[in-house]
Amino acid sequence: MAPLPDDPEELGTPSFPDDLNDPQRLAAAHVDGPLLIFAGAGSGKTRVIVYRIANLVAVHRVPPYKILAVTFTNKAAGEMKHRLEGLLGDSVAKDLYVGTFHAICARLLRRYHDAAGLERSFVIYDDSDQRAVMNRVLKELELDEKRFPPRQVLSRIHKQKQEGKGPADFQPEGFFDEPIKRCFEAYQRHLQAANAVDFDDILLHVLRIIEDPASMPGEEIRRRFRYVLVDEFQDVNQVQYRLVRAFASSPPHNLCVVGDDDQSIYRWRGADVRIVRGFRKDFPGAQIVKLEQNYRSSNNIVKGALGVIKPAKDREPKELWTDNRDGEQIGVIACDNEHDEAAFVVERIRELTERGLSAKEVAVFYRTHAQSRVLEEVMRAERIPYQIIGGVRFFERAEVKDLLSYLRVVANPRSDVDLLRIINKPSRKLGDTTLDKLVQMADGRNTSLYESIQALCDSGSINSGTRHSLLSFRDLLQKLMKAARDTRPSQLAELVLAESGYTKMLDADDSTENEARKQNLSELVGSILDYEEEALSAGEETSLSGYLERVTLSSDIDALEDAPRVAMMTVHAAKGLEFDSVFITGMEEDLFPFRNADPSRNEDVEEERRLAYVAVTRARTRLWITYAGRRMIFGQTRFGLPSRFITDLPRSTVRQGATPALERQQSTRETGNVGSVYARVRAGGSPWSHPQERAASSGGATYPGRPKAEPERAPGERYVEREPELDQGGGEDGAIHVGGRVQHKTFGVGLVMSIDNGADPIVSVKFSGYGVKRIKAAFLQRAGG
DNA sequence: CCTAGCCATGCTGAT
DNA sequence: CATGGCTAGG
């Protein structure tokens, strides 16, 4: 081990004030036993973790390999490691175990694979792989996928797994659930047979090992980690919590968890705020510390954020405050529609960058990925460099998945899902008929598809051409597997592309799509090279499994580059980040807070509120919040009202405005939907006297704060129905126009909600008793009224 | 057996 | 709006 400084001062301490709950003293304090830190947004919690670790090693002489630090993203883990390398030196830092729950458990599982009944080369199945497995299961169990949609079945299963339950623990609720239990069993059986795990399994396998008192590997893991630190503790689920407790089960039980219940935004993914709130009950001796000073944001932003979070129920009481100056007010901007909104955002960004702000200090947030497209178009048109985090992910592109599937089959030939994906890419004239036979053969013999190829060829049930194709495919794989033994992963990838004929297939016609595909594939090979370089410099061995694991566990945010480009992302992805200037777009009721059309998927306004709080607290000096009166989203035009979260911003922290387009409209006409929203905002009476505020106590069951003044709506209908100011039909006789009434021979008279113009216009019409239908204009007649 | 093109259907958030 | 499943035609 490298020589270490004895004095923490030598580590380069952060400049925190000498306060009671001061992060610096907190970092240095040697607390044996559990410690819970409630760390408000921008209070420097990551710094606390970093310095606690540094102090443990440097001052208290804790061997680094005994320390486990859990972060929320791989990127955060990388940054933490980087900072620790700076403080402690590379050779010490490399013995620290830092990573996400998934990365840490995957690493442990690679090592203790036997205890989980896996081979070392196991692969991790992502969402679409899981769906492919489920499709096969449904077919096998002869279940109708209309009645049992694979996604829904999987979601039930994931819910179980997130609570630590297996198929045997599944308690069917009613008649419909019985098949789900059988799906669960079959699904797990298929994964095991394929030597594969899904995201939940990674944690569950390790949990089973570590909670088993008789397990040797379990004992080994429990004894190893003596100092456990967990960041973003408010977003752990039950399984992760059990892991944490098991990790910290050996003396001195030095467990330090850091979190902020106000920033818990992953309940839908199994996270449970009650864990952090109930921590002091589970650990009666726990010390509890609160960090309430915000070092990040201007006073206006902090006060605005407080306004947003204050109405939240069941908060751990705490007061966020800052010494920072007031700064600019939060710009709340009314926009006409999403294009207008995007234009506004881009123009402000242009101003900022022209004044010398680096584009990487600017971020644009939205609630859903679907909102990114319009923003992206305008950014591109205006030549603002940007990067989108998430959305249609690189690793989900067809050609990228194809190459990865080849690599995964080479690493683990039992992975049926991957084999099916590539067996006919490029075309080897192996169609559904042959593949069905192969699946049947494998099911009958209880082996993998790969192992059944020979058997099928011997069975005589296929013709010689097909047999030849099958065998040459198997030979290809064998050749690649052989090559894999003494080739670096990147070279293997090149070999796959060349030998499989994949490149040839793309070369066959030189369409722009194929050019893009080839580019994506070289980018993938580039990412393998990056991996190899990193692994080598960290003194690790490069392995195909290692790369594949990293790819599957990489999160969107891990891809955030340190380049001078504006970052665009969902608010969820923004968690843990900070920027000088932030735009929060689409701040409209029913979009943010998001409201699902299906009332059975009862979303949680409380969580949306915390999400808004996270969004606001990302900004250091400038913050704009925009909303549009009208928005085309999910293929429909919706009319929106400013979000309740806008209403919650203290007035003193806000400056209101509107886009020029809206200003112009406003001066020429005072009627209509957008105008009225805007008029209320401008008049200053609203959104601060937004109807929902007055109706706050009398709202419906699912959405307590719904506007009272709005017209009645059908169940599941989302947006306020009103007369838009634009009359698309031009108003002349006989034309169908938005807001007008039309007649349909089956559904009767209905109200026109929106029109998709085109060669064959499609009209959305709300019929009483039938809800909103999309119907070709040709089938409609204008009705009086 | 493959391909292209049509229709339909869902569509929050993500390791 | 985008993806996927299905059908018809090559």
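On a predicted model such as this, the values are computed, not experimentally measured, just so you know. Note on naming: letters A, B, ... go to the chains in the order of the sequence lines (proteins, then strands), and numbering restarts at 1 for each one.
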Worksheet item: Are OP1 or OP2 of B:dG13 and a side-chain N or O of A:Thr570 less than 4.0 angstrom apart?
Response: no
Do A:Tyr241 and A:Asp272 get their side chains close enough for a donor-acceptor pair, meaning under 3.5 Å? no
- prompt: Mind checking whether A:Phe72 and A:Tyr266 have parallel, tilted or perpendicular rings, split at 30° and 60°?
  reply: tilted
Check whether any side-chain nitrogen or oxygen of A:Arg269 sits under 4.0 Å from OP1 or OP2 of B:dT15, and answer yes or no.
-> no
Problem set entry | A:Thr73 side-chain N/O to B:dT15 phosphate OP1/OP2 under 4.0 Å | no
With the side chain defined as heavy atoms from C-beta on, A:Arg367 is closest, among B:dT12, B:dC11, B:dT15, to B:dT12
* To do: For B:dC11, take OP1 and OP2 only and decide whether either is under 4.0 Å from a side-chain N or O of A:Arg151.
  => yes
Check whether A:Asn424 reaches the backbone of A:Lys429 with its side chain - one donor and one acceptor, N or O, closer than 3.5 Å.
yes
In whole angstroms, the gap separating P of B:dA14 from CD1 of A:Ile388 amounts to 13 Å
- Any chance you could lay out the salt bridge (Lys or Arg N to Asp or Glu O under 4.0 Å) test for A:Glu377 and A:Arg380, step after step, and finish with the verdict? CA-CA 5 Å; A:Glu377 279 165 12; A:Arg380 210 173 3 211; 5.9 Å; no
May I ask you to decide if A:Ile265's main-chain N or O and A:His572's side chain share a donor-acceptor pair within less than 3.5 Å? yes
*Would you say a side-chain N or O of A:His369 is under 4.0 Å from OP1 or OP2 of B:dA14?*
yes
Donor on one side chain, acceptor on other, A:Glu399 and A:Asn520, under 3.5 Å: yes
Rounded to whole Å, the CD-C1' distance (A:Gln371 to B:dC11) equals 12 Å
_Using a heavy-atom cut-off of 4.0 Å across all strands, would you classify A:Asp200 as base, sugar-phosphate, or nothing?_
nothing
Q | Pairwise C1' distance, B:dT12 and C:dG5 [rounded to whole Å] | A | 24 Å
Can you name the atoms? Protein N/O to nucleotides 1-4 of chain B N/O, anything below 3.5 Å, with the distance.
from, atom 1, to, atom 2, distance (Å)
B:dC1, OP1, A:Thr434, OG1, 2.9
B:dC1, OP2, A:Thr433, OG1, 2.2
B:dC2, OP1, A:Asn424, ND2, 2.8
B:dC2, OP1, A:Leu430, N, 3.2

Determine, for A:Tyr613 and A:Arg609, whether the Lys NZ or Arg CZ falls below 6.0 Å from the six-membered ring centre while staying within 45 degrees of the axis. no
Looking at B:dA14 and A:Tyr266: do their rings stack (centroid distance under 5.5 Å, interplanar angle under 30°)? no
